[in-house]
Amino acid sequence: MTEKTFTEAAREALTDAMDADPTIFVVGEGAGERGGNFETTLGLYEKHGPVRLCDTPICERGFIGMCTGAAMTGTRPVVDFMFTDFILDGLGELINQTSKMQYMSNGRLKMPMVLRGCIGIGHSAATHHSGSYYPLFAHIPGFRVALPSNPADAKGLFATALQSDDPVFFMEHRQLLSLKGPVPDGEHRVPFGQAAVVREGTDATIVALTVMVHHALQVAEELSGEGVSLEVIDPRTVAPLDMETILESVRKTGRLLIVDETFMPCGIGAEISAHVTEHGFDELDAPIMRLNGAHVPTPYSPALEQAIVPDRAALARAVRGLLAE
Amino acid sequence: MTEKTFTEAAREALTDAMDADPTIFVVGEGAGERGGNFETTLGLYEKHGPVRLCDTPICERGFIGMCTGAAMTGTRPVVDFMFTDFILDGLGELINQTSKMQYMSNGRLKMPMVLRGCIGIGHSAATHHSGSYYPLFAHIPGFRVALPSNPADAKGLFATALQSDDPVFFMEHRQLLSLKGPVPDGEHRVPFGQAAVVREGTDATIVALTVMVHHALQVAEELSGEGVSLEVIDPRTVAPLDMETILESVRKTGRLLIVDETFMPCGIGAEISAHVTEHGFDELDAPIMRLNGAHVPTPYSPALEQAIVPDRAALARAVRGLLAE
Amino acid sequence: MQSDAGERFELHRWLYRTMFTIRTVEERLARSFMAGLIHGACHTYVGEEAVAAGVCASLSEDDAVFSTHRGHGHALAKGVSPVALIAELYGRETGVSHGRGGSMHLFAPEIGLMGTSGIVGPCILQAAGAGYSAKLLGNGSVGVAFFGDGAVGNGAFHEGLNLAAIYDLPALFVCENNLYATEVPFSHASRNPEVAPRAENYGIPGVTVDGNDVLAVHEAASRAIRRARDGGGPTLIEARTYRTRPHAEGMGLTGVYRTEEEVAAWREKDPIKMFRSRILSDETMTESDLDRMESDIKSEVDEAEQEAAAAPWPDRGTAARHAYREAP
Amino acid sequence: MQSDAGERFELHRWLYRTMFTIRTVEERLARSFMAGLIHGACHTYVGEEAVAAGVCASLSEDDAVFSTHRGHGHALAKGVSPVALIAELYGRETGVSHGRGGSMHLFAPEIGLMGTSGIVGPCILQAAGAGYSAKLLGNGSVGVAFFGDGAVGNGAFHEGLNLAAIYDLPALFVCENNLYATEVPFSHASRNPEVAPRAENYGIPGVTVDGNDVLAVHEAASRAIRRARDGGGPTLIEARTYRTRPHAEGMGLTGVYRTEEEVAAWREKDPIKMFRSRILSDETMTESDLDRMESDIKSEVDEAEQEAAAAPWPDRGTAARHAYREAP
Ligand SMILES: Cc1ncc(C[n+]2csc(CCOP(=O)(O)OP(=O)(O)O)c2C)c(N)n1
Ligand SMILES: Cc1ncc(C[n+]2csc(CCOP(=O)(O)OP(=O)(O)O)c2C)c(N)n1
Ligand SMILES: [Mg+2]
Ligand SMILES: [Mg+2]
């Protein structure tokens, strides 16, 4: 184990994978000589040159489509999209092409393509640099969606992504990029579809996504002083979604809250709630609750930005509400 | 009341609105002299000419962006997108621009834009001509999404859309276009956010979307012979979603099934289920259930196509399962 | 080693055989459409056969072709068998996409047909991507996109050509300018009637050819493909051609957008008829050679149709397979 | 009616005032950024002032401007007050977007600033749309897009210019070619170093101007705007300019992508310095006129900054408002 930042940990997975697999290449604005806007590719250009570390013009649709064609023909592209907001121009390619190629070809094509970059609200980034949108990708068949919440998972999930033959979104919350934590040295892979029970407890289950995992852990710690025992689950991937671990937890606690920074309607919380209601109805001692960011574009002003994101106080309130049911 | 097809009813709303409001114009491939691929604009070109009935090149992103700019500057564009699959290339414009303009401008801009066209599986259209994708639009703040299931609602919801200052998706299931039904003459508007209880019943509630409303009604009729009394609700719009009508029904029946042709994960059924669980938990006598099309791209062959869409037999099975819980 | 004349004979034979096969299959499919045997849309390639044949003559199975809604001709020219194509449109398990695709989604990656598409535009980007793979892998293959004039005003054209240009990718972009996109004339979709000169914007060569002259297409394409394989980067070819059937089966042959006379004039320039005269004047084959080839092809296609019609339906139990590569 | 000389004086005064205001505000914002008063990103317009000023001089409040991440200059030139701009970057209720937007989302629709944007490309399409409204309403107004060289390889450029061209829309497309997109040189993003000649593709006029020469910009823009108002359709202007500050505050002034010497050479061609000499040689204003104007502007901007810094924060209770126009 070595202490590393989230970004360093993910870069380690990329560095190792690029050494091992000469078919991997990275595209993005600034992914080349500059080493990535968020230092995602630092040092790799010097090692692998401009074909494998490819600077692009500002044409997200174009390079996503290009990478789709590349993935169909024997290479393994990594699209470094900077902010998820930018790849919305490529959703036509992603939804109509990338996600469907395996099916349309009856499984004869594979689609080893990774889409990686920033999500999330913070730093007054405003509405064109703070989107998350992973519920959209979870809705569409064909995609995998990884949402690491700590450096070790960043390395482990990215390593898995870089070996997947399905297209994978690897989404990094902007508030986690410089987070430090212990990271396993050498080969480390976290399989998709295995949630982590990051804290055990008996009174209620909190399922938290990306940055909210940290809020949930702090609230759990705070409330433990009051004798409340919370179990906290980090799904780590939302497609596939490890419902079994969540159901098992609910069997124990009887209470469930899902906290997610991004929009509520048709979100991940909705999916988890609906699934648990259908398959764990008899285990529930209280209504399942959801806590989400407000259903609005992200405002710029810190005064407004704070108001639309669930904070620890809101989370603690929601937990108390759930326990009181 | 006059008997009309779904397409005729919607066209009537458009015809009346274009007569009354000179700022309305329609864009689309074939929307001009040809009268629309699905006769959506038949006869209007002769009346209003090429500026108001505007044929476009194949650049969905471009004309959606253009219409966004037009809506910001005093006109009311209607984008006739033929198949919803085609506008995915414009999702960047829709999500980053169209849906956010009102918020970013602090309510000083409005966005009177209608996006209308075909959705849904059928006729071996295969995966590039059968998408629905409305859960995506319901997830994003800023949009209205109307899903008429019959000619009268097609007219009434389209009329409302053509007066809305929010951007509206008006989505027409391909299997409903030639459906006939009684349509109110003259002005007829169906407000957004008002579900229709299309059949009353006491044993269970089925919420059904677009074409599934018809399946649900037939199954309800069939099962009524066995003494089963089903209530069938057509939400008519999924953004806003009239949860009050659904909750009221569940208070009566205690049982809920949501049937939707399109994908389950993070879909409309998930949202309805999660909402009812949170706000109507004590009314539930059984787990809420969802019935959706398979989570795969649409296959072409009729043999496969049928297999991925909920049919009446599957719906009846699901209802029996729900009643047995 | 073969003589030049022998090569020329082989080339002519291949081109004629390919074009005539496409024509025969398409006309067969048009009848099948009328008979209700085809379940979805069907866009035939009749009148444009010289483009697919002329380009694909220089491709191997390792080259990657990406095509459009009007892709039957490209599939056949790339080596898909008539029976696999017909069975696909009939929705059968033995179809080239095992019934998952239909007319607009033809996949035979094992021979480099990387897919036709129901969406206008993406093939251009994907061909650039195949070029990217070829460049990275250094395997000498080429990515080829076929697309219509309708794609020229689309962002994919602009972004794809630019990407291929700046990275010097081994790619070939073949615009089949048949003057109309569905029923919208190119003159309405663009103030600029030319496509090939737009290549200049991207700093790459652009070539206009008579798309009904198979040898002209072949000549231009083989030069561009050689150039691409040699590291010279991409080329844009504009092949001027015409579809002499409706946009899709079931639609009108003419309409507000074009006249009977125009269609008749283009039928005079039928690429197969033109090539037949050329072969006869070149004396690479005789009238009876060609007649025999035609009748052989007709029988083959008839048999293919019968085989397709008798082929099994896909097993509905498999409908959900292959959305993902891996089990979760 | 004013004399020509009077008009010239007014024009020069407006242009100088506008450019100097932009410069002063931007330099003030750069200091504020260092001081932590600006919460998000901040892309200044220093070095490029002549473009916004030269174009906006011919626009009225009824004309619609759409801009980019580097939009402060366009906002000020279109009539946004320094205090409304600074307050926005400070996140205050009195900001031009009431704190919802910040540096990259400046909205003042009441004076025709229809928005700056954090996404590269859309402004081009939206300006075409404003042109569409103007055409349909027949109100004689014009849609104007400002965008960087970085947008040229984007599909929005291609689709937007084509749409404006085929519908003859009253629109003006102003490409601010400052040689770099973030730190990617235009020569890497395109094999073709020119932007204006691409207008030919779309059948519309393209004009290259020295973007540091405000009178040249004004001349080209006013001609294009007149043409648009008269129903002559859209024009593409490529203004060659340079940013003499980093891409965004907090980033390096130079880096792998450009040299100190290059920056210094462009500083020699500073648009304000150049225009000052021109005014003095034309004798439209004197040294002391200009000095007085400059010091007035400096005081105004100082006051604006103080006012902005003292302005109230938005009420967090309002954060969810205006996502929709209407109650459900
Ligand atoms: C993105 C997209 N928009 C619209 C369509 C509907 N459509 C199918 S074919 C076609 C016309 C294509 O014209 P062209 O590219 O010239 O090809 P052609 O049919 O003439 O061979 C259109 C508009 C589509 N398939 N994809
Ligand atoms: C669609 C999109 N992709 C990426 C970005 C990130 N980005 C912000 S500014 C910029 C460079 C823009 O360059 P240019 O258009 O030349 O404008 P300049 O900054 O030089 O004024 C990039 C890539 C973005 N804002 N939008
Ligand atoms: Mg065409
Ligand atoms: Mg630039």
Side-chain angles (χ1 to χ4, degrees), chain C residues 119-126 128 131 147 149-169 171 173 175 177 180-181 184-206 208 227 231-236 238, chain D residues 119-126 128 131 147 149-169 171 173 175 177 180-181 184-206 208 227 231-236 238:
Chain C
I119 303 293
V120 169
C123 60
I124 299 175
L125 306 173
Q126 290 161 17
F147 53 94
D149 49 286
V152 172
N154 189 284
F157 175 88
H158 185 64
E159 298 188 358
L161 265 65
N162 190 49
L163 288 166
I166 64 174
Y167 303 131
D168 268 328
L169 301 180
F173 302 104
C175 176
N177 185 349
Y180 303 97
V184 177
F186 190 55
S187 60
H188 178 88
S190 174
R191 282 251 179 276
N192 173 357
E194 310 256 357
V195 177
R198 299 173 193 227
E200 255 180 62
N201 273 303
Y202 311 104
I204 64 170
T208 308
R227 190 171 176 275
T235 301
L236 170 64
E238 174 184 2
Chain D
I119 302 293
V120 168
C123 60
I124 300 174
L125 306 174
Q126 289 161 17
F147 53 92
D149 48 285
V152 172
N154 190 283
F157 175 88
H158 184 64
E159 297 188 358
L161 266 66
N162 190 49
L163 288 167
I166 62 174
Y167 304 131
D168 268 327
L169 301 180
F173 302 103
C175 177
N177 186 350
Y180 302 98
V184 176
F186 190 54
S187 61
H188 178 88
S190 174
R191 284 249 179 277
N192 172 358
E194 312 255 0
V195 176
R198 298 173 194 227
E200 255 180 60
N201 274 305
Y202 310 105
I204 63 170
T208 308
R227 190 170 176 277
T235 301
L236 170 65
E238 174 184 4

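Under the side-chain contact (heavy atoms from CB on, under 4.5 Å) criterion, D:Pro193 pairs with no residue, sequence neighbours left out. Qualifying side-chain contact (heavy atoms from CB on, under 4.5 Å) partners for C:Ala164, counting only residues two or more places apart in sequence or in other chains: C:Ala128, C:Leu169, C:Phe173, C:Pro234.
Of all the listed residues (D:Asn201, D:Asn162, D:Asn192), the one sharing the greatest number of non-hydrogen pairs under 4.5 Å with chain C is D:Asn201. Taking D:Asp168, D:Leu163, D:Leu161 one by one and counting their heavy-atom pairs under 4.5 Å with chain C, the maximum is reached by D:Asp168. Chain C forms the most heavy-atom pairs under 4.5 Å with one residue out of D:His188, D:Glu159, D:Arg198, and that residue is D:Glu159.
Looking only at distances, no side-chain donor or acceptor of C:His158 sits under 3.5 Å from a matching main-chain atom of D:Ala156.
Scanning both residues, C:Arg191 and D:Tyr202, for their nearest heavy atoms gives CB-O, 3.3 Å.
Residue contact with chain C, scored on non-hydrogen atoms closer than 4.5 Å, is absent for D:Glu194.
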